[in-house]
Amino acid sequence: MVACPPAMMNPQRTRILAAVAAIPRGRVASYGAIAARAGLPGRARLVGRALREAPAAPALPWHRVLRADGRVALPAGSAGFAEQCRRLAAEGVTVRNGRVALAAFGLDPDLDRALWGSPG
DNA sequence: CCGATGACTCTGC
DNA sequence: CGCAGAGCCATCG
């Protein structure tokens, strides 16, 4: 029998999920930003893995996580893609052709720095 | 240990 | 805007 699925509570993943959960409603953030906020700079892929293997968190606003260019990371046409666009729209986030204007809905670097206390 | 894969990102053309 | 290459790191065979 399998000891334990890879979905075990890891400190790293916990931080990632926490960073995702910290995204304000109606706003979006990139994988890289989440990774950085989770203390894992350069591990954007890890964020994707965490989200992919973290369906155990129904309250997790995973739909607020987009790629660095504001596009939905999921393949267009997939269930997840539609779901993400739907949830974003429900929060007032304008999704245009599977893409979100980070300039309008993305977290401002300056404001982010002020709120999160990142070194500047 | 090595090669392949992936909800990533940056740079160059 | 699109495509290709390289860098990145964790997981799997």
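In what follows, chains carry the letters A, B, and so on, assigned in the order in which the sequence lines appear, proteins first and then strands, with residues in each chain numbered from 1.
- A:Arg27 places no side-chain N or O within 3.5 Å of a backbone atom of A:Leu107 that could act as its donor or acceptor partner.
- A salt bridge does not link A:Arg13 with A:Glu53: none of the charged nitrogens is closer than 4.0 Å to a carboxylate oxygen.
- Between A:Arg71 and A:Gln12, the residue whose closest nucleotide on DNA chain C is further toward the 5' end is A:Arg71.
- With hydrogens and angles ignored, the 3.5 Å screen pairs no side-chain donor or acceptor of A:Glu83 with any backbone N or O of A:Ser78.
- Computed from coordinates, the A:Leu40 CG to B:dT9 C1' distance equals 16 Å when rounded to whole Å.
- For the pair A:Glu53 CD and C:dT11 C1', the computed distance is 9 Å after rounding to whole Å.
- Atoms CZ (A:Arg64) and P (B:dA7) sit 22 Å apart, rounded to a whole Å.
- The phosphate of C:dC1 has OP1 or OP2 within less than 4.0 Å of a side-chain N or O from A:Arg99.
- Across the protein-nucleic acid pair, A:Glu83 atom CD and B:dA7 atom C1' stand 14 Å apart, rounded to whole Å.
- Considering only the side chain of A:Leu46, C:dA10 comes nearest among C:dA10, B:dA7, C:dT11.
- Of all nucleotides listed (C:dC9, C:dT11, B:dA7), C:dT11 comes nearest to the side chain of A:Arg49.
- Nucleotide C:dC1 holds its C1' atom 16 Å from the CZ atom of A:Arg96, rounded to whole Å.
- Closest approach to the A:Tyr31 side chain among B:dT9, C:dA10, C:dT11 is made by B:dT9 (side chain taken as heavy atoms from C-beta onward).
- Between the P atom of C:dT11 and the CZ atom of A:Arg52 lies a distance of 13 Å, rounded to the nearest Å.
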Candidate pair A:Asp69 and A:Leu102, rule side chain to side chain contact (heavy atoms under 4.5 Å, CB included), full reasoning:
CA-CA 8 Å; A:Asp69 56 2; A:Leu102 296 181; over 6 Å; no

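- In this structure, A:Leu88 places its CG atom 18 Å from P of B:dA7, rounding to the nearest Å.
- One interatomic measurement links the two molecules: CG of A:Leu102 to C1' of B:dC8, which rounds to 14 Å at whole-angstrom precision.
- Look at A:Arg45 and you won't find any side-chain N or O under 4.0 angstrom from OP1 or OP2 of B:dC8.
- Comment: A:Arg87 does not engage A:Glu91 in a salt bridge, judged by the lack of any side-chain N to carboxylate O separation of less than 4.0 angstrom.
- Nearest nucleotide to the A:Arg67 side chain, out of B:dC10, C:dC9, B:dC8: B:dC8.
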